[in-house]
Each structure stands twice: as C-alpha cells, then as structure tokens.
Amino acid sequence: MNGSTDIRRTQVAIIGGGPAGLLLGQLLERGGVDTVIIERRSREYVLSRIRAGVLEAGTVGLLREAGAGERMDREGFEHEGTYLAVANRGFRIDFKRLTGGSVTVYGQTELTRDLYEARDASGRPVLHEVEQVRIHDADSASPWIGFNYQGRQQRLDCDYIAGCDGFHGVSRGSIPAELLREFERVYPFGWLGILSPTPPVSDELIYASHERGFALCSMRNPRLSRYYLQVPLQDSVEQWSDRAFWDELRRRIPHAAAESLVTGESIEKSIAPLRSYVAEPMRWGRLFLCGDAAHIVPPTGAKGLNLAASDVYYLSRALLQHYRENDDHGIETYSETALARVWKAERFSWYMTRLLHRFPEQSEFDLRMQEAELNYLESSAAAQTALAENYIGLPF
Ligand code: FAD
Ligand code: PHB
C-alpha cells in the first residue's frame, strides 16, 4: 500500500515518519483510528540514521503495545546499572537495587525498522519523499495538509494533525509566532560519535568525566559498539581519524577499560551539537506537536527518544478517548500534561550535561562544584537514587 496516491481524507494526519510518528500511527491504528503518515525522506534514509540507544521501561511497554516489540524483546539488552567515571576511575550506579527498575539497550535504527514493519503489516500508508508540506486551518474544525507527492499537489483532509516532524519540521512553525514561547540553551561543544563493529569495552555504559572532556562508551550489541567524545564545536569529522578517536577515548575512560578496549575501523562517524530546547504550547487547535518537533535535549541523559515516546503516550490516549468516548479532556490537557514531563527530562539532561562536561568558560569554583557533586554521587545512596530514578525514566 506504500506509495498509494489517492488518499484524500483520514482521521489523524501524521507529519513525520520517525519514531514518534510511526509509534503514534501504530497505537492509533490498533485502537481503530485511521492515520496517514507523510515523510520527507525515503525509508532507506530514515533507517540509516544512527541515533539513540537506550530505552526506558515505558518506551519498551509502548512498543509492545504497538505490536512492534517482538524483536526488541529477543535482541535488546536489559541494563540494571551504569558506570560513572571521574579522572579515569569508575563507580557504578545500580538502578535495580536503588529503584527496582532497569533500561533496555536497543538502537533507534532497529526500533524504527520494527515500527515500519508493523506499519506495513497494518496496510496503512507512509507516503515518502513528500515535499512542500503546509498545514492549513489547524485552528478550525476542518484542518488539512497540502503537499507535493510524486510530482502532484495533494490535499489531505483530517480531524487532527500530529506534528511528529522533528526539530527542523514545518509543524512548530505553523503555530502563530505570538502564541509560541521558546526556551533554549545551546552548549559550547558537540559529541563526536562513532559506530564500530567491535565488542563493547564494558557490559554496561560508561559516562566519563575527564579534564580533557566527556566520553561515553555505549553499545548496540555484543559485536557493535558506540562511543562518543566531547569535542569543540569547530571540529569536523575529517579532523578525526579513527586512530585519533581511539587514542583520545583511551585517555578519558577508566584505566582498566582503556587497557581492554578493542579498536577497529569505524563504520559511522558524525558530530552532533548539543542543545536544550522547549516550545510551548504543544497544541494549537487541532495541531499537536510530538517529540523533537517540540523539544530537544542534549543526549547525556539518553532522553530524546524516550521523551518522544512519552508524548506519543499522552497523545494516543487523548485521541483514543476522543474517538471512543467522545471525551476531549485528554486533548485539551495534552500540552500541559506532556510539558510537565518534558521539563523534568530537560532538567535531568541539563544536569547530566553540566555534571560531566568541561565548559570553556568554567571557573575554578565551577570545577570544584562539579568535583563535589561527583564525590557526593559516589558516596550517597540518596544522590544515586535520584540519578537512577530519572535515568530509568519518570512515570508517564
Ligand atoms: P525524528 O527522529 O527527527 O523524526 C522526524 C521525522 O520527520 C524525520 O524522519 C524527518 O525526515 C521527518 N520530517 C521532517 N520534516 C518533515 C516535513 N516537512 N514533512 C514530512 N516529514 C518531515 N537521543 C538519544 O537519546 N541518544 C542519542 O544518542 C541521540 N543521538 C542523536 C543524534 C542526532 C544527530 C539527532 C538529530 C538526534 C539524536 N537523539 C538522540 C535524539 C533522538 O534521536 C530523537 O529525540 C528522536 O529521533 C526523536 O524522534 P522524533 O520522531 O520526534 O523525531
Ligand atoms: C547511544 O548509545 O547512542 C547513547 C547512549 C546513551 C546516551 C546517549 C547515546 O546517553
């Protein structure tokens, strides 16, 4: 059914075929609500993006509910803790003991693939490579989307529009500027990430604070590792040979890990800038913002994808309540409800970023505060519990 051109009307039009749009589409379809998803890129392009890797239990639950959890249950890895490292020495935060919870390591690429397969099975369309997407009459009872698809101008009428089109999409900008409030912090560094077909250096993630800058050791599976280094914003990927990357990573992580690190050729290398951003409100009339379209977190707390999932949770419940019970309470409170959780995840992501990175303008006092915070974390079960509770994910 992919590629069908005669779609004129649907109940919920979803802009963006990333994790938020696909997950929302599945939850609504399963609840008997018709959806059409339009996506700017090709499916291959969407599936080639290497992004997040850590899923909260709530996200895992939603994927199962969407009928897309089978491979994740088979191939994902449960992590009951993580390591923090300071100046080449690590200590462990035990999520399970402190909170009873855990996270699942399963790549966003895999999750997106599973959601596309579930969508295929539902028979409902994703229109790829759409252009010139425009939202119309979102503040009226009959919103519609105009776009170009396979060289033809299309009009899609709908009851509601879900703007799941990421940070650079069109949805957020369709809300009148005088109604939109934006909150932003841009960080003075980026993350250089590599994907490497080598065994991970550790059975759990290592978040390392070091005077040379932050480093993170993550993974996708026992044969695929993901590593990151804090780098200046001016750096380019071309400046970083694989050799230079591995040498720098070894300097920043615990000595024992550095000694056992297996290196190899990188199969992906990219630099991502770090940003905190929230747009309010997340609803305008019949348009809802969901995921990165409404907010961005720096990746240090592993929250980006999980926040997209919690927005989808609230929005899918709200829309199902509307169609099944003719009750609009969820729709009317969506923005407020979603934002309350968004701001908590923004806080945690900002806290982790501030805790673990070196900032160019940092004073001696700031450095001592960072050291004291890390010392406190190492010695206090209360502090560790607060970190663990946020990392595994606050309840929906
Ligand atoms: P997206 O994944 O951005 O999906 C939006 C979709 O909408 C895209 O497919 C896009 O092509 C499409 N689109 C855009 N404009 C239009 C339009 N006009 N019409 C139709 N479709 C459109 N999070 C972590 O937790 N850990 C990480 O390591 C991590 N790394 C990241 C690296 C990068 C480079 C980026 C950009 C993000 C990263 N994130 C990470 C964040 C995480 O990947 C996102 O939070 C997550 O992808 C959000 O899902 P989404 O569906 O809201 O947005
Ligand atoms: C990843 O594996 O890509 C990853 C894991 C944890 C983070 C960020 C990224 O905090």
Side-chain angles (χ1 to χ4, degrees), residues 13-25 36-43 45-56 59 77 79 82 103 105-109 111-112 115-116 126-135 145-149 161-174 190-195 200 204-207 214 216-221 224-228 268 270-275 277 289-312 342 345 348-349 352-353 356 391 393:
I14 300 176
I15 308 179
L22 292 164
L23 183 58
L24 179 67
V36 169
I37 301 179
I38 61 169
E39 162 61 51
R40 187 171 57 173
R41 303 285 192 172
S42 69
R43 179 159 166 164
Y45 183 93
V46 173
L47 289 175
S48 69
R49 294 191 292 224
I50 310 292
R51 289 184 171 179
V54 175
L55 309 185
E56 297 172 359
T59 306
F77 296 88
H79 282 209
T82 192
V103 292
V105 168
Y106 190 66
Q108 178 169 333
T109 316
L111 172 153
T112 309
L115 284 166
Y116 268 110
V126 181
L127 308 185
H128 281 281
E129 300 183 74
V130 300
E131 291 170 341
Q132 295 160 26
V133 177
R134 290 279 174 273
I135 293 174
I145 300 176
F147 55 94
N148 201 289
Y149 180 58
I161 300 170
C164 304
D165 48 355
F167 188 62
H168 300 288
V170 295
S171 299
R172 189 177 63 252
S174 306
W191 278 19
L192 168 67
I194 68 163
L195 193 66
E204 290 176 342
L205 275 65
I206 305 174
Y207 288 83
F214 169 77
L216 171 61
C217 305
S218 182
M219 66 202 72
R220 292 294 177 268
N221 63 52
L224 195 57
S225 302
R226 180 83 168 145
Y227 297 105
Y228 296 96
E268 196 260 359
S270 53
I271 295 183
L274 268 66
R275 179 197 303 267
Y277 173 90
L289 302 182
C290 224
D292 279 16
H295 41 71
I296 295 290
V297 286
T300 329
K303 290 283 162 259
L305 175 58
N306 292 301
L307 262 192
S310 67
D311 291 350
V312 166
V342 165
F348 178 65
S349 305
M352 288 286 279
T353 305
L356 295 167
Y391 194 91

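In listed order, ligands and their atoms are each counted from 1.
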- Query: So which residues, sorted by chain and number, lie with a heavy atom under 4.0 Å of ligand 2?
  - Reply: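 R51, G53, V54, W191, L205, Y207, L216, S218, R220, R226, Y228, P299, T300, A302.
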Is the side chain of [X] donor-acceptor paired with the backbone N or O of [Y] at a distance under 3.5 Å, no angle test?
X    : Y    : result
T109 : R51  : no
N148 : E131 : no
H128 : R41  : yes
Y207 : T82  : no
N306 : V54  : yes
T112 : L47  : no
R172 : F167 : yes

- Can you tell which of L305, V312, D311, L111 makes a side-chain contact (heavy atoms from CB on, under 4.5 Å) with L23?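 Among L305, V312, D311, L111, the one that satisfies the side-chain contact (heavy atoms from CB on, under 4.5 Å) with L23 is V312.
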For ligand 1, note which part of [X] has a heavy atom under 4.0 Å away: side chain, backbone, both or neither.
X    : result
Q108 : side chain
I15  : side chain
N306 : neither
C164 : backbone
W191 : neither
D165 : both

- Item | Under 3.5 Å: N/O of G291 near N/O of ligand 1 |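 No.
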- Query: Backbone or side chain, does any N or O of D292 fall under 3.5 Å from an N or O of ligand 1?
  - Reply: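 Min N/O separation from ligand 1 is below 3.5 Å for D292.
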Using a strict 4.0 Å cut-off to heavy atoms of [X], name the atoms of ligand 1 that fall inside it.
X    : value
G166 : 3 (O), 5 (C), 53 (O)
R41  : 11 (O)
G304 : 25 (O), 45 (O)
K303 : 25 (O)
I38  : 20 (C), 21 (N)
G169 : 15 (N)

Would you mind reporting whether [Y] and [X] have side-chain heavy atoms less than 4.5 Å apart?
X    : Y    : value
V46  : E39  : yes
S270 : I50  : no
L55  : Q108 : no
F147 : I15  : no
V297 : T353 : no

- Task: Search all heavy atoms of A293 against all heavy atoms of D165 and return the closest pair with its distance.
- Result: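 Between these two residues, the closest heavy atoms are CB-OD1, 3.7 Å.
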- Message: Could you report the tightest heavy-atom contact between S218 and Y227, atom names first, then the distance?
- Response: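 Between these two residues, the closest heavy atoms are N-CD2, 4.4 Å.
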So which heavy atom in the protein is nearest [atom], and how far is it from that ligand atom?
atom                    : value
atom 23 (N) of ligand 1 : A52 CB, 3.4 Å
atom 28 (O) of ligand 1 : Y228 OH, 3.2 Å
atom 11 (O) of ligand 1 : E39 OE2, 2.6 Å
atom 4 (O) of ligand 1  : G18 CA, 3.6 Å
atom 18 (N) of ligand 1 : V170 CG1, 3.7 Å

- Task: With E268 as reference, evaluate R220, R49, R226 under the salt bridge (charged side-chain N to carboxylate O under 4.0 Å, His left out) test and give the passing residue.
- Result: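 Of the listed residues R220, R49, R226, the salt bridge (charged side-chain N to carboxylate O under 4.0 Å, His left out) partner of E268 is R226.
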Winner among [options] once heavy atoms are compared against [atom]:
atom                    : options                : result
atom 3 (O) of ligand 1  : R40, R49, R51          : R51
atom 50 (P) of ligand 1 : S171, G301, A20        : A20
atom 19 (N) of ligand 1 : L127, I145, L111, V133 : V133

- Stepwise, does the ring pair (Phe, Tyr, Trp, His ring centres under 6.0 Å) test hold for H79 with Y391? CA-CA 11 Å; H79 282 209; Y391 194 91; 9.7 Å; no
